[in-house]
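In what follows, a single structure is set out as structure tokens and then discussed.
Nothing here was measured: the structure is a model prediction, and the numbers come from that model.
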Amino acid sequence: TIVEQLDETIESTKLKLENMEESEQFLGTRIRRYRNMLAEHQIRLQEKRVVLSEEDRERHLKQQERYQLQICDVIDIHKNILTEVEILRRKLKSLEEKRNDLIFKRDECEEFLVESARLDLDGCTSPLDAHGDSVMQLEMGVLNRTDPTELEIS
């Protein structure tokens, strides 16, 4: 059924969302560690400024730049994952709302069909008012019986 298909889609979306959130958390932690390592490296480099030759200092600065660029790549990936996580959250919310709405409408239709069948079995009897007229009213219109098994809304 459609509800089962929606349930399957919701479950697969939840699984994707969990995986993306784990990746996001992993990369977030990794980025913080890289930034701390770079800061520590920068501090050590400044402390050794007097001891290092100009050539060694240049080498360390270039290495520091390479690390900064690598972190930027990881940060871009992290941002993309954050975007995907938000998209998946919205999709999941929308799917769950659609599922709940579909179930609600299905249940309403089922109640209508059950009541309609009951009326068919009871011979469409309804309470009479003081003048002997039927007091049965429907919100959507008046039901006209064209055949014992068919109802027509007018």
| query | Are Leu92 and Ile103 grouped together when hydrophobic residues (ILVMFWY) are joined by side-chain heavy atoms under 4.5 angstrom apart? | reply | yes
| request: Calculate, to the nearest 0.5 Å, the distance between atoms OG and CG belonging to Ser116 and Leu121 respectively. | output: 9.5 Å
Under 3.5 Å donor-acceptor pairs involving side-chain atoms of residues 79-88, not counting sequence neighbours:
from, atom 1, to, atom 2, distance (Å)
Asn80, ND2, Asp76, O, 3.4
Thr83, OG1, Lys79, O, 3.0
Glu86, OE2, Arg90, NE, 3.1

| Taking it one step at a time, do Arg118 and Glu115 satisfy salt bridge (Lys or Arg N to Asp or Glu O under 4.0 Å)? | CA-CA 5 Å; Arg118 187 190 64 74; Glu115 185 62 21; 2.4 Å; yes
| query | Taking the side chain from Asp101 and the backbone from Glu97, do they hold a donor-acceptor pair closer than 3.5 Å? | reply | no
| message | If hydrophobic residues (ILVMFWY) are linked whenever their side-chain heavy atoms come closer than 4.5 Å, directly or via other members, who joins Leu69 in its cluster? | response | none
| message | Within this structure, what is the CD-NZ distance for the pair Glu65 and Lys62, rounded to the nearest 0.5 Å? | response | 7.5 Å
| Heavy-atom side-chain proximity of Arg89 to Met20 below 4.5 angstrom | no
| request: Find out if a path of hydrophobic residues (ILVMFWY) with successive side-chain heavy-atom gaps under 4.5 Å connects Leu102 to Phe112. | output: no
| Minimum-distance pair of heavy atoms, taken over all atoms of Ile31 and His78 | CD1-CB, 3.6 Å
| remark: Distance col, row Leu6:CG vs Glu96:CD, nearest 0.5 angstrom, shows 10.5 Å
| Rounded to the nearest 0.5 Å, what separation is found between the CD atom of Gln42 and the CD atom of Gln64? | 4.5 Å
| task | Consider only side-chain heavy atoms of I, L, V, M, F, W and Y, link residues closer than 4.5 Å, and tell whether Ile77 and Leu17 are in one cluster. | result | yes
| query | Atom CD1 of Ile43 and atom CG of Leu38: how far apart are they, to the nearest 0.5 Å? | reply | 11.0 Å
| message | Nearest 0.5 angstrom please: Lys14 NZ to Glu21 CD, how far? | response | 12.0 Å
| Within a reach of under 6.0 Å around CZ of Arg30, are more than 12 heavy atoms found that belong to other residues, nucleotides or ligands? | no
| Is the closest side-chain heavy-atom distance between Ile75 and Arg35 below 4.5 Å? | yes
| message | Looking at Glu55, I'd like to know if its CD atom is crowded, meaning that more than 12 non-hydrogen atoms belonging to other residues, nucleotides or ligands lie closer than 6.0 Å. | response | no
